[in-house]
Structures are given as structure tokens and as C-alpha cells.
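The block underneath contains the structure these notes are about, expressed in C-alpha cells.
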Amino acid sequence: MSTASESYSSTYDFIIAGGGLAGLSLAYYLSQSSLENAKILIIDQSEKKENDKTWCFWEAQPTAFDEIVRQKWNGVWFHGSRNFSQFLPIDEYQYKLIRSADFYQFIYKAISRKDNISFLIDSVLSVEKDIDNRPQVKTTQGIFKASQIVFDSTSRSSYDDPRYSQMLQHFKGWVIETDAPAFDETKPTMFDFSVEQNDECRFVYVLPYSPTKALVEFTIFSDNLLEDSVYDDELKSYISQRLKITNYRIEEVEKGIIPMSDEPCIQIPDDGIVHIGTAGGYVKASTGYSFTRTQRIIKNLVRDLERAKGNFDSFEKEKKAWRKGTYIPNWKALLDSILLDVMLKNRHSSKDIFTRLFSKNRPAQILKFLDEDTSLLEDLAIMHTVPIIPFLKSAFVVIFRKIWLFLR
Ligand SMILES: Cc1cc2nc3c(=O)[nH]c(=O)nc-3n(C[C@H](O)[C@H](O)[C@H](O)COP(=O)(O)OP(=O)(O)OC[C@H]3O[C@@H](n4cnc5c(N)ncnc54)[C@H](O)[C@@H]3O)c2cc1C
């Protein structure tokens, strides 16, 4: 890998605007594919040396990133409604934690041997077509052109169309360190709904790194953000009252806002320009999870690109799937919209819905469901365990809205 100024050339095969989760995953899978010799430029505004995110996800199979998994667990604590409080085995799955700094470093190392991949630290000003109808990226340092495709993870949809369900997952977490052992590092808390719900979906999760160190994160699914001090107060009170820890140091702070929306994303705004990552709608609307989804979708993209020999114009069949964006069956998107509507309209307490899901089904089955790997029959069986009336109301609203939007 070289820096763009060293190897500057006006044209690349692919340009990846935004070298975060989706952008670097794409560079990584391309470098492992039959397109490994494609000329690629990755542009990001930051060097990606800091740990800006902590990714948690579950997997049943080993993956390319196993060597950088910082923690992995065979079960999770769940504290829900109606005094349901249990450590749940997750059978075939492992709950895993990757620090983003390790992920960026892992990928840089994997692609650093490749002279055909360049990296530019710069701000992307725009991604557009040039006068010859070729995709290009404007940065503060110049214009970079792609002969095939610009993959863009820097654009953000505004997600403000009132015809769709618009929520946000917003959170703040502290990595805290204690002098005395305070955590069981073999037992993370995935959902603790014991915090005041305020008619929203609020929970805390605790990811122990060691007996004296853990990430404690306060999370809300709602349609409005809070003053920063509210997250701090919630964290303080959770740590002192729930975890009974009085002496601790805050080692790191993590904050984030993730869109939870069923508004369709523009996947291909123009020929030769493809939105990826959050910009491409990879976030699961009803949960805000996207690590596993991103890996799957990007692998599919690379497979399709390989078939098309990297040529944007010659993958007509695949382009349909790309436009759809997520390679996920329609009924899954429908279920996602329904769950989102139930939560947004507060038709039933989210705390109770998640509790029912995890307590009335095999927990691993719910992880499979959240990963969209369950069959239609399995989904129907799972839906049988949630309160039927609120879900029927939301199903009616969502289906009616879809028909109305289709007919307009
Ligand atoms: C703090 C946090 C924690 C999360 N934890 C989880 C989790 O545990 N599990 C899970 O499944 N999902 C999680 N998510 C959701 C999701 O996995 C992440 O948001 C993920 O990083 C999205 O990938 P992305 O490539 O779309 O965006 P990013 O990873 O943010 O990458 C976008 C990149 O574009 C760059 N960029 C943006 N604008 C410009 C510009 N104008 N010029 C140049 N560069 C630019 C940024 O620097 C960044 O590197 C989390 C999100 C956040 C914010």
C-alpha cells in the first residue's frame, strides 16, 4: 500500500471514499479476490489509528477477523421485564468484541504489501460524474477519477421522510477501570432493561475486558437525542447503583448515533457510484446492528464484481441486487419495518418485546433471527411469542403504507 501522493495517477479502477468499516472491508475482500490487482484508492479524512468504535456481534462460524477478536463469550446476561433475569447460553454462537482500532490496523497490514492500493488522508468534498460521465471524487487536494466505480461511505442520507419510520439508536459508553475486581469477564451483559424506560427503549450493556475493566454503555432507541449530561447521569447512576462500583476511572468514552429507518436508501445514485455502509442502508433498521450485515453485503458485492470482472457496465443482473442493496428477502425488511413501527409508536413496551423474544425462544434462535438467517416458518414461530395486537396494528400500518407508496 502506498500513499496517494507517492503513486498519484489520475485514474483508479475503484475509489473507496471513506475507509471505515464498509470501506476497509471492501478493500480487504477485493485484495483477497480475483480483482486483487485492481488499482484502488482509499480516501479517509482520518488516519484511523484511534479506537472510535467497539463492535459487538455474534457469529456461529470462524471469520477472517478472528485473530483481532478482543473478547468472546458463550453466553450473555439478559435483564428484562417481569423479573426475567438470566444468563443465557447462546449455543452455536459466540458473542464477540472487536475494537475498531484493531480492525483498521489488521486491514492496513493485510493490504500494505499491495502496491496497487493507495491511501489518501483527505476530506471528500463530493462524489460525482465528470464531464465524460465518469465517476470522480473531489477532495481538498484535487480530483480523483475512477474508470469503474466509486464506492462511497461518506454520504449520509438525511432520513427525514415522514412517510417512513424514523428512529435513532443513540448511546454513550465509558470504558471504566477499577482497582478491585468488579466484573466477571466470562459474562457480558447484552441487555439490561432495568433502567428507567421513559416510554422508550432504553438499556445498558456491559462488556468486560478483565475483572477490573469493562465498557458500560447506555443506549436508547428513540426519535430524539438527549443532552450529553443525561447520558453521563445515567451511566453514573448505573455504575454506582446497579454495578455497586464507587471507585473507578474513565479510560475511554464512546458515543454514537445510528439511524434506525425503513426509508429506502439510494444505493446507486448514478452509474459508477455505489453507496456502501451506513450510506448504503446496511444498518438493520430495528436494531442498529451492522457489523455482520456489512461483512455479508460487501462479500456479495465483491463476488458480483468478480463475475463482472470489475466492470460496472457488465453486471446487469447483479445491479438489480445492488440497487436493492442488502441482498435480504423482502419479508425480512417487512418484519423489520413492523418492529420499528411498534417501537416508534410505543404500541407495546420494547423492554417486554425483547424479553419475550429472548425468554420464550431459544436465545440462539433470536440471534439467528436478528441476523436475518431464519426461514419464513421460523420467523412466524418467533412472531407467535410477541404480543399479537400491537404487531398486527403495525403490520396493517406498514403494509397499507407500502401499498399507498406503490400506487402513488
Ligand atoms: C460508536 C459506534 C459503535 C457501534 N457499535 C456497533 C456494534 O457494536 N455492532 C454493530 O453491529 N454495529 C455497531 N455500530 C454501527 C456500525 O457498525 C458502525 O457505524 C459502522 O462503523 C458503519 O460503517 P460505515 O463504513 O458505514 O461507517 P464508518 O465506519 O463510520 O466509516 C465511514 C468513514 O468515512 C470517513 N468519512 C466520513 N466523511 C468523510 C469525508 N467527508 N471525507 C473523508 N472521509 C470521510 C470517516 O472518517 C469514516 O472512516 C456502531 C456505530 C458507532 C458509531
Side-chain angles (χ1 to χ4, degrees), residues 4 15-29 41-59 63 65 69-71 76 95-101 103-104 107-108 119-127 137-141 144 150-157 168-175 188 190-191 203 205-207 215 217-219 221 225 231 252-260 265 267 274-298 301 325-326 367 370-372:
I15 297 180
I16 300 175
L21 176 65
L24 288 183
S25 299
L26 177 60
Y28 176 75
Y29 292 121
L41 173 64
I42 306 166
I43 308 174
D44 201 288
Q45 63 201 1
S46 103
E47 274 188 276
K48 308 302 286 177
K49 290 209 165 125
E50 284 177 11
N51 189 64
D52 51 9
K53 292 171 188 101
T54 308
W55 287 304
C56 263
F57 53 97
W58 47 91
E59 275 171 338
T63 67
F65 307 118
V69 167
R70 193 59 83 92
Q71 291 292 92
V76 293
Y95 193 48
K96 297 182 178 177
L97 181 155
I98 287 183
R99 286 167 61 82
S100 62
F103 179 85
Y104 306 140
I107 299 211
Y108 286 145
F119 194 85
L120 174 71
I121 300 170
D122 199 359
S123 283
V124 171
L125 302 177
S126 64
V127 175
V137 181
K138 270 192 192 159
T139 74
T140 60
Q141 293 178 35
F144 299 85
V150 172
F151 296 96
D152 183 12
S153 63
T154 65
S155 307
R156 282 285 182 269
S157 165
L168 297 167
Q169 182 191 131
H170 43 114
F171 49 89
K172 184 165 186 179
W174 293 342
V175 175
M190 189 176 186
F191 290 106
F203 59 92
Y205 57 88
V206 182
L207 306 171
L215 169 64
E217 198 141 303
F218 171 63
T219 304
F221 297 174
L225 300 175
Y231 303 91
E252 282 174 40
V253 177
E254 169 173 291
K255 276 177 74 172
I257 304 169
I258 305 173
M260 298 170 73
C265 238
Q267 302 292 327
V274 176
H275 284 170
I276 57 169
T278 308
Y282 293 7
V283 175
K284 183 169 166 65
S286 62
T287 62
Y289 283 113
S290 84
F291 185 88
T292 308
R293 252 180 166 225
T294 300
Q295 302 313 314
R296 289 181 183 188
I297 297 167
I298 296 283
L301 279 187
T326 52
L367 299 184
L370 294 177
D371 264 353
E372 294 162 327

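What's counted below: heavy atoms across the whole structure, side chains too, no hydrogens, waters or symmetry copies. First listed ligand is number 1; within each ligand, the first listed atom is number 1. Start at 1 with the first residue, then count along the sequence.
The existence of a salt bridge linking R99 and E252 is confirmed by a sub-4.0 Å separation between a basic side-chain nitrogen and an acidic carboxylate oxygen.
At a heavy-atom distance under 4.0 Å, only side-chain atoms of E254, from C-beta outward, approach ligand 1. Counting heavy atoms under 4.0 Å from ligand 1, residue R156 touches it through the side chain alone. Neither the backbone nor the side chain of T139 has any atom closer than 4.0 Å to an atom of ligand 1 (non-hydrogen atoms only). Counting heavy atoms closer than 4.0 Å to ligand 1, residue A22 contributes atoms from both its backbone and its side chain.
Contact detail for L120 and Q141: the closest heavy-atom pair is CD1-OE1, 3.5 Å. Contact detail for F221 and T287: the closest heavy-atom pair is CZ-O, 3.8 Å. Counting all heavy atoms, side chain and backbone alike, S290 lies closest to V283 at CB-CA, 3.7 Å. Minimum heavy-atom separation, R296 to D371: NH1-O, 3.1 Å.
Backbone and side-chain nitrogen or oxygen atoms of S153 are examined, and none is located within less than 3.5 angstrom of a nitrogen or oxygen of ligand 1. Between T54 and ligand 1, at least one pair of N/O atoms sits closer than 3.5 Å. No N or O atom of S46 sits closer than 3.5 Å to an N or O atom of ligand 1. For a threshold of 3.5 Å applied to N or O pairs, the pair formed by I257 and ligand 1 contains no separation below that value.
Listed for the D152 side chain is no donor-acceptor partner under 3.5 Å among the backbone atoms of V274.
Summary of contacts: the protein heavy atom closest to atom 22 (C) of ligand 1 is T278 OG1, 3.4 Å. For atom 9 (N) of ligand 1, the closest non-hydrogen atom of the protein is C56 O, 3.0 Å.
Between S25 and Q295, the side chains place a donor N or O and an acceptor N or O closer than 3.5 Å (distance only, hydrogens not considered).
In this structure, R70 and W55 have side chains that are not in contact, with every pair of non-hydrogen atoms separated by 4.5 Å or more.
Ligand 1 places these atoms under 4.0 Å from at least one heavy atom of D122: 42 (N), 43 (C). When each atom of ligand 1 is checked for a heavy atom of S290 under 4.0 Å away, the hits are 10 (C), 11 (O), 12 (N), 15 (C), 16 (C), 17 (O). Ligand-side atoms of ligand 1 in range of G277: 26 (O), range being under 4.0 angstrom from any heavy atom. Ligand-side atoms of ligand 1 in range of K255: 1 (C), range being under 4.0 angstrom from any heavy atom. Ligand-side atoms of ligand 1 in range of F171: 1 (C), 2 (C), 3 (C), 52 (C), range being under 4.0 angstrom from any heavy atom. Ligand 1 places these atoms under 4.0 Å from at least one heavy atom of I258: 14 (N), 15 (C), 50 (C), 51 (C).
Closest to atom 41 (N) of ligand 1 by heavy atom, among T292, V124, V283, is V124.
F218 meets the ring pair (Phe, Tyr, Trp, His ring centres under 6.0 Å) test with no other residue; sequence neighbours excluded.
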Requested in this report: List the steps, then state whether ring pair (Phe, Tyr, Trp, His ring centres under 6.0 Å) holds for F65 with F57.
Outcome: CA-CA 12 Å; F65 307 118; F57 53 97; 8.4 Å; no
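By the 4.0 Å heavy-atom criterion, W55 is counted among the residues contacting ligand 1.
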